[in-house]
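Read the structure below first, then the notes.
Letters A, B, ... mirror the listed sequences (proteins, then strands); counts begin at 1.
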Amino acid sequence: MRDRPSGFGNPWLQLVLSVMCVLVSELLLKRGASETADPASEWSWTGINSLASPLVWWAIILIIISFISWLYVLKYIPLTIAFPLSRVVDILVPLSCWIFLGEVISARRWCGIGLVVVGLALVAKPIARIEERL
Amino acid sequence: MTLLSLFFIVASLLSFVGAQLVLKRAMESTIQSIGLRSLRFISRMAAGIALMTISFFLTLGLLQRFDLSYLYPFQGLSVIIITLLAAVILKEKLTMQLTIGGVLISAGIVLVSLS
């Protein structure tokens with residue numbers, strides 16, 4: 001982790017931005033793909049017919065934004081740290097369904113979310129030490 | 001799950017993992033002040049974007065057939081695979097703490113999707 005910019009150029013901030021864009025795009029993609037599902041069509045395995053849905057295009061824009069900020073993250077943070085941290089999105093998706101859509105989260109799902117949080121804490125802890133040294 | 005769908009799930013996972021490794025390499029070369037126009041940077045970036053695109057469309061195709069929650073455990077595996085490959089191929093330092101953290105994250109993602 002070498003000299004890195006602060007402010008908007010802070011790679012940790014960019015990691016958060018990237019994760020947020022992925023979170024929203026996942027939800028949009030699922031809806032867009034379901035809307036346009038046509039398993040009978042010959043090319044459906046390629047997913048190409050989902051391009052007919054505007055939701056998928058919004059998702060693509062978000063993916064491009066997240067991709068650019070992710071590239072920026074890769075420039076400064078090792079993949080062994082950045083990638084596991086980016087998977088915080090895997091608990092943000094069910095949590096946002098719970099908070100915003102009123103979906104029920106089962107006990108087993110809470111356990112899974114707990115495991116991810118502990119794992120994220122383990123991955124993030126060495127970073128705190130590295131940052132202190134800087 | 002048919003053999004065909006397993007094939008597409010693995011293919012989308014592998015293209016995603018490959019893309020991350022290639023892109024990390026590409027972005028590292030920008031730090032070593034090799035210009036953005038260098039052939040090495042451009043070819044790695046192009047390969048990364050191509051793999052990302054393949055993975056994107058394969059995932060869309062899978063989403064048309066399966067629930068997101070069904071496909072998610074497979075994405076969860078990507079944490080373990082990428083962490084290990086980054087250590088082996090990119091020679092990044094992998095501590096015990098990072099390894100355990102990665103395994104817990106993957107296990108948690110699988111649990112979340114199974115419930």
Look at B:I105, B:I109, B:L90, B:T83 and state which one has the largest set of heavy-atom pairs under 4.5 Å with chain A.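 Looking at each option in turn, the highest pair count goes to B:I105.
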
Any B:F16 side-chain heavy atom under 4.5 Å of B:L51 side chain: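 Sidechains of B:L51 and B:F16: no contact.
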
Is a side-chain N or O of [X] found less than 3.5 angstrom from the main chain of [Y], in a donor-acceptor match?
{"X": "B:T53", "Y": "B:I49", "result": "yes"}
{"X": "B:Q20", "Y": "B:I82", "result": "no"}
{"X": "B:E92", "Y": "A:L79", "result": "yes"}
{"X": "A:R87", "Y": "A:F83", "result": "no"}

Tell me, for [X] versus chain A, whether the close heavy atoms (under 4.5 Å) come from the side chain, the backbone, both or neither.
{"X": "B:S78", "answer": "both"}
{"X": "B:I100", "answer": "both"}
{"X": "B:L94", "answer": "side chain"}

Heavy-atom cut-off 4.5 Å, strictly under: side chain, backbone, both or neither for A:I105 against chain B?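 For A:I105, neither part sits under 4.5 Å from chain B.
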
Which residue out of A:T80, A:I63, A:L115 racks up the most heavy-atom pairs below 4.5 Å with chain B?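 The answer is A:T80.
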
